[in-house]
Amino acid sequence: MTEKIKQQILAVRDTGLTNMFDTYVVQRIANDMGYFELVIFIEEYRREYAHFILTGEA
């Protein structure tokens, strides 16, 4: 997970629009914000994404 991906996750979280475990909505919001790297990351590395949400560790 790159620093850019971490920042994009935090930016989506800061919108407060969804539960961060609702990955489909997170991907939609990320897409709307132009965070295409995050959309792909969640699709390919869902487990790592969930680990980051739970622990804050990459």
Side-chain angles (χ1 to χ4, degrees):
M1 177 183 297
T2 65
E3 189 62 33
K4 184 175 186 176
I5 294 293
K6 289 180 191 176
Q7 293 305 317
Q8 291 178 355
I9 291 170
L10 297 176
V12 171
R13 182 194 67 187
D14 289 346
T15 68
L17 295 173
T18 189
N19 180 314
M20 292 303 287
F21 288 108
D22 188 346
T23 57
Y24 298 110
V25 177
V26 172
Q27 285 178 299
R28 184 180 53 79
I29 294 168
N31 188 64
D32 292 347
M33 295 176 76
Y35 297 155
F36 307 116
E37 301 90 345
L38 179 55
V39 174
I40 294 168
F41 180 83
I42 293 172
E43 195 67 31
E44 294 180 356
Y45 302 100
R46 199 168 302 267
R47 180 177 226 148
E48 290 83 350
Y49 168 80
H51 177 78
F52 180 74
I53 296 303
L54 281 171
T55 67
E57 299 171 359

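Values reported hereafter were calculated over all heavy atoms of this structure, with side chains retained and with hydrogens, waters and symmetry mates removed.
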(request) Look at the side-chain heavy atoms of Ile, Leu, Val, Met, Phe, Trp and Tyr, link any pair under 4.5 Å apart, and say whether Ile9 and Tyr24 land in one connected group. (result) no
(message) Within this structure, what is the CG-CZ distance for the pair Asp22 and Arg28, rounded to the nearest 0.5 Å?
(response) 9.0 Å
(request) Check whether any side-chain heavy atom of Tyr49 lies under 4.5 Å from a side-chain heavy atom of Met20, and answer yes or no. (result) yes
Please output the side-chain donor-acceptor pairs of residues 30-45 that fall under 3.5 Å, not counting sequence neighbours, one pair per line with the distance.
from, atom 1, to, atom 2, distance (Å)
Glu37, OE1, Gln8, NE2, 3.0
Glu37, OE2, Lys4, NZ, 2.9
Glu43, OE1, Gln27, NE2, 3.2

(message) Just verifying a value: how many Å separate Ile29 CD1 and Thr18 OG1, rounded to the nearest 0.5 Å?
(response) 5.0 Å
(request) Could you list the residues that satisfy side chain to side chain donor-acceptor pair (under 3.5 Å) with Glu3, not counting sequence neighbours? (result) Gln7
(request) Please list all pairs passing the salt bridge (Lys or Arg N to Asp or Glu O under 4.0 Å) test where one or both residues lie in residues 47-58, with sequence neighbours left out. (result) none
